[in-house]
Structures are given as structure tokens and as C-alpha cells.
Amino acid sequence: DNTLSTGSYTKALWGFGYHTINLCNFIIDSAETADGSEAEKALLVGQAKAMRAVAYFQLILNYQQTYAIAKDKRGVILRLHKDDPEAMGFSTVEQVYTQILTDLNEANTLLADYEADQPWKINTEVVDGWLARVYLVMENWQKAYDHASKVYANHSTLMTKEQWYSGFDD
């Protein structure tokens, strides 16, 4: 069942991806009229754009060949607003990657002043890590290096042997 195009794995991946995208679209589209400060709204929209980009990246990686050989082929459906019609056509792989990069770069700008208080929260380091990954798949080596270097600059040392053996994940 997992190897069929109609199998449960395929349906679950597609469904989870678009469920995430739809939730992000709701946040992005509703932010302007929501309660809260502009800084709070920027944080939510920045994180939603990053999550939407990652969801599209995972979808395009699973449902089409790599960017270098498939950029003009059919990609996935780009749903960018909460009120998009139910039936929409597929976008090209290149259009999907363009949207992924747009979302991640806008997220980087919106999250520029955000200091995450937990390591699992999305901040500019997380976004730069994803940008490095996307550019790597697109074979844009310089931009992949540039974004990876930004993250590495803050995390360039490994644990000591003592830290490793001490139960660092307790």
C-alpha cells in the first residue's frame, strides 16, 4: 500500500502538507485584522511563512524530481490564501521553488529581531538552515554556502567528550 500512488503514505503526506499550508494561510491572511502588536503579528506571520515554505519544500521533494531536471514540469498546487478555490491547477516546479524562497526570505526579514527562548522555535537561524537546504537542492552552491555559514557561525563547536557522555539530552 505504501508504494502505490493511492496508498496511505502518499495520501497522508499530501494531506498533512496541505493541512499545514492551509493553517499557515489562515494565519498570514488574518494577521492584519488580528489583535496584538505589530511585533507579535510579524512574529506569527514570519513563522507561518517559514512553515508554509517547509511544507511546500517537502511536498515538491516527494512529488516531483529534483529542481535541476524538472523545473519546467508540473509541481504541486500553490495555495497562498485561505480563500483559494477548492479546485486549482498545478504550478510548475520552478514556481513552487520561487514561492518557497519568497516565503523563507520574507520570514527572515519578519523574524530579524526575534530571539527564540526555546531551541524548537522558528527564528532566523532555522530559516537560514532551510534556505541553505533549498538552495542546495537547486544547486545554487554559493547561496547554500552563504546561508549555512550564517548558522554555522553561531554553532561551530561540537560537544566535548565529557558533555557527550554526561547525558546532554537529559
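For the single chain, residues carry numbers from 1 onward in sequence order.
- Atom NZ of Lys41 has more than 12 neighbouring heavy atoms from other residues, nucleotides or ligands inside a 6.0 Å radius.
- Side-chain heavy-atom separations under 4.5 angstrom define the hydrophobic clusters, and the remaining members of the one that includes Ile28 are Val45, Leu110.
- Hydrophobic cluster membership is shared by Leu78 and Met138, with clusters built from Ile, Leu, Val, Met, Phe, Trp and Tyr side chains linked at under 4.5 angstrom.
- Tyr97 and Met51 fall within the same hydrophobic cluster, where Ile, Leu, Val, Met, Phe, Trp and Tyr residues are linked whenever their side-chain heavy atoms come under 4.5 Å apart, directly or through other members.
- Following chains of ILVMFWY side-chain contacts shorter than 4.5 Å, one cannot reach Val151 starting from Trp130, and the two form parts of different hydrophobic clusters.
- Applying the side-chain hydrogen bond (donor to acceptor under 3.5 Å, both in side chains) test to pairs two or more places apart or on separate chains, those with a residue in residues 147-158 are Glu125-Asn154, Glu125-His155, Asp128-His147.
- Counting only distance, with no hydrogens or angles, the side chain of Tyr56 and the backbone of Arg79 share a donor-acceptor pair below 3.5 Å.
- Side-chain contact between Leu104 and Asn108: absent, with no pair of heavy atoms (C-beta onward) separated by less than 4.5 Å.
- A heavy-atom distance below 4.5 Å is not found between the side chains of Asn123 and Glu115.
- Every residue two or more places apart in sequence or in another chain that forms a side chain to side chain contact (heavy atoms under 4.5 Å, CB included) with Ser30 is listed here: Phe26, Lys82.
- Sorted by first and then second residue, the pairs that involve residues 43-60 and meet salt bridge (charged side-chain N to carboxylate O under 4.0 Å, His left out), not counting sequence neighbours, are Lys49-Glu106, Arg52-Asp103.
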- Task: Could you go through the side-chain contact (heavy atoms from CB on, under 4.5 Å) check for Tyr135 and Asp146 one step at a time?
- Result: CA-CA 10 Å; Tyr135 282 123; Asp146 293 344; over 6 Å; no

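- A single hydrophobic cluster is not seen to contain both Leu44 and Val127; linkage of ILVMFWY side chains at heavy-atom distances under 4.5 Å, directly or through other members, places them apart.
- As a member of the Ile/Leu/Val/Met/Phe/Trp/Tyr network built from side-chain separations under 4.5 Å, Leu136 groups with Trp141.
- Put simply, the side chain of Asp29 does not reach to within 4.5 Å of the side chain of Asp83, judged on heavy atoms.
- For the atom pair Trp164 CH2 and Lys161 NZ, the distance stands at 12.5 Å (nearest 0.5 Å).
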Can I get a per-line list of side-chain donor-acceptor pairs under 3.5 Å for residues 12-21, giving both atom names and the distance, sequence neighbours left out?
| from | atom 1 | to | atom 2 | distance (Å) |
| --- | --- | --- | --- | --- |
| Tyr18 | OH | Ile77 | N | 2.9 |
| Tyr18 | OH | Ile77 | O | 2.5 |
| Thr20 | OG1 | Phe16 | O | 3.0 |

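- Both Leu101 and Leu111 are assigned to one and the same hydrophobic cluster, defined by single-linkage of ILVMFWY side chains at heavy-atom distances under 4.5 Å.
- In this structure Thr33 satisfies the side chain to side chain contact (heavy atoms under 4.5 Å, CB included) test with no other residue, sequence neighbours excluded.
- Residues passing the side-chain hydrogen bond (donor to acceptor under 3.5 Å, both in side chains) test with Glu38, sequence neighbours excluded: none.
- Dense packing is recorded around CD of Gln118, with more than 12 heavy atoms of other residues, nucleotides or ligands lying under 6.0 Å away.
- Counting only residues at least two apart or on different chains, the side-chain hydrogen bond (donor to acceptor under 3.5 Å, both in side chains) pairs with a member in residues 57-69 are Gln65-Lys73.
- Glu40 CD to Leu43 CG: the interatomic distance, rounded to the nearest 0.5 Å, is 8.5 Å.
- In terms of modelled atom types and a separation under 3.5 Å, the side chain of Asn22 and the main chain of Asn25 share no donor-acceptor contact.
- Applying the ring-ring contact (aromatic ring centres under 6.0 Å, His included) test to residues at least two apart or on different chains, none of the pairs has a partner in residues 100-126.
- Under the rule for a side chain to side chain contact (heavy atoms under 4.5 Å, CB included), Glu32 has no partner lying at least two apart in sequence or in another chain.
- Taking Ala148 as the reference, Ala132 meet the side chain to side chain contact (heavy atoms under 4.5 Å, CB included) condition, with sequence neighbours excluded.
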